[in-house]
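Notes follow once the structure below has been shown.
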Amino acid sequence: LVSKARFYLKGEPPQPETFHSPVPSEKRIVDKIMYPIAEMRPSYIPYIGTLSSNIFSIIEANKTVPPFNYAFALVTTAKVVYVDPRPRTSWITEIERIWEGASARYWSDNGTLFHPGLLLSQRSCFDFLTYGFYEASPTTCGENFVLCCDKIDVPGMPAAGCGVGIAPTLCSNSTKIKLTNTSDLLKTKWPFDFRVIDWTS
């Protein structure tokens with residue numbers, strides 16, 4: 001068991017991976033400043049690093065959790081529905097902001113449209129954004145990057161943008177340079193005035 005003295009003295013929660021807080025330590029939110037009152041803690045913690053290193057965290061953080069969390073509508077166990085009071089223009093998640101805009105959302109009880117937008121099947125480059133970007137490069141994606149994603153570096157899709165997207169080396173206006181091997185080894189077997197020992201080919 002862990003001493004609860006710091007909880008009573010400073011209001012600090014118990015340490016992770018203990019009897020009173022079984023949350024894994026890597027899941028614990030670490031603040032540079034300890035906030036003794038929960039309301040003082042910032043409501044938003046920015047992502048630090050490149051988009052390719054944070055894309056999975058962004059996708060996971062923006063998932064809905066039916067039957068209670070529908071992003072902009074919360075349903076309690078008593079079937080009380082709370083709808084986001086902000087204007088509809090603000091109803092956009094982090095992943096939607098960088099991936100072609102808002103998603104279509106439907107009421108769970110009757111299937112009617114709750115918020116207009118795109119279906120997941122209508123979004124571009126699903127495979128590329130979820131795992132294909134790992135092997136993406138200017139040489140493997142083909143002409144105009146059609147083998148990876150046909151929306152590379154186009155307006156409205158920052159997730160695939162040049163320099164800032166999940167594959168920052170893919171740029172539509174990049175200069176292509178074709179290298180040619182001009183070595184003398186292509187013309188003669190012995191281009192130099194010395195011989196390689198045991199070279200039998």
Side-chain angles (χ1 to χ4, degrees), residues 24 26-27 29 44-73 83-84 86-108 110-188 191 201:
E26 63 269 11
K27 294 284 187 179
I29 299 175
Y44 180 79
I45 299 174
Y47 297 100
I48 299 175
T50 62
L51 183 58
S52 58
S53 64
N54 287 302
I55 187 65
F56 297 116
S57 299
I58 295 174
I59 291 174
E60 182 179 358
N62 287 269
K63 285 184 177 179
T64 58
V65 187
F68 301 111
N69 182 352
Y70 294 93
F72 302 108
V83 178
D84 194 329
R86 296 176 299 170
R88 288 291 182 110
T89 55
S90 301
W91 285 19
I92 186 168
T93 64
E94 295 166 319
I95 189 65
E96 293 169 350
R97 193 178 301 278
I98 63 174
W99 193 8
E100 298 183 313
S103 298
R105 303 184 185 278
Y106 298 86
W107 289 109
S108 60
N110 56 19
T112 58
L113 184 65
F114 169 53
H115 183 60
L118 296 173
L119 298 174
L120 184 60
S121 59
Q122 296 174 320
R123 294 191 180 275
S124 304
C125 311
F126 175 79
D127 293 340
F128 176 73
L129 261 74
T130 50
Y131 63 87
F133 68 91
Y134 274 123
E135 299 178 356
S137 72
T139 56
T140 60
C141 288
E143 190 70 21
N144 296 325
F145 314 116
V146 293
L147 299 179
C148 295
C149 174
D150 58 354
K151 294 292 183 71
I152 294 292
D153 205 14
V154 298
M157 192 165 172
C162 172
V164 297
I166 55 177
T169 59
L170 302 183
C171 301
S172 59
N173 59 351
S174 59
T175 303
K176 297 180 180 179
I177 301 175
K178 185 177 181 180
L179 301 178
T180 305
N181 189 349
T182 59
S183 173
D184 290 334
L185 288 173
L186 299 177
K187 303 174 184 176
T188 177
S201 61

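Sequence positions, counted from 1, serve as the residue numbers for this chain.
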Shortest non-hydrogen contact from Ala102 toward Pro116: CB-O, 4.3 Å
SG to SG below 2.5 angstrom is the rule I want applied to Cys141 and Cys148. Does it hold? yes
Under the side-chain contact (heavy atoms from CB on, under 4.5 Å) criterion, do Asp150 and Cys125 qualify, and how do the steps go? CA-CA 7 Å; Asp150 58 354; Cys125 311; 3.9 Å; yes
How long is the straight-line distance from CZ of Arg86 back to CZ of Phe72, given to the nearest 0.5 Å? 6.0 Å
Give the intermediate values and the outcome of side-chain contact (heavy atoms from CB on, under 4.5 Å) for residues Ile166 and Phe128. CA-CA 9 Å; Ile166 55 177; Phe128 176 73; 3.9 Å; yes
Using every non-hydrogen atom in the two residues, find where Ile55 and Leu129 come nearest and quote the distance to one decimal. CG1-O, 3.9 Å
Nearest non-hydrogen partners of Tyr70 and Pro67, listed with the distance: OH-CA, 3.3 Å
Here's a test for you: under side-chain hydrogen bond (donor to acceptor under 3.5 Å, both in side chains), which of Glu94, Arg97, Glu96 qualifies with Asn62? Glu94
Work out which heavy atom in Glu100 is nearest to a heavy atom in Arg123; give both atom names and the distance. OE1-CA, 3.5 Å
Start with the C-alpha gap between Val65 and Phe68, add the side-chain angles, then the distance that decides, and say whether side-chain contact (heavy atoms from CB on, under 4.5 Å) holds. CA-CA 6 Å; Val65 187; Phe68 301 111; 5.7 Å; no
Determine the interplanar angle of the Phe56 and Phe133 rings, folded into 0 to 90°, and report it as parallel if under 30°, tilted if 30 to 60°, perpendicular if over 60°. tilted
Name the orientation class of the two ring planes belonging to Phe114 and Trp91 (parallel below 30°, tilted from 30 to 60°, perpendicular beyond 60°). tilted
With rounding to the nearest 0.5 angstrom, report the CD1 to CH2 distance, Ile92 to Trp99. 13.0 Å
Straight-line distance of Thr140 OG1 to Leu170 CG, nearest 0.5 Å: 7.5 Å
Exercise: identify the closest heavy-atom pair between Cys171 and Pro168: SG-O, 3.8 Å
Would you give the length of the straight line joining atom CD1 of Ile95 to atom NZ of Lys63, rounded to the nearest 0.5 angstrom? 11.0 Å
Main-chain N/O of Thr112 paired to Asn110 side chain as donor or acceptor, under 3.5 Å: yes
Closest non-hydrogen atom pair, Phe145 against Pro138: CE2-CA, 4.2 Å
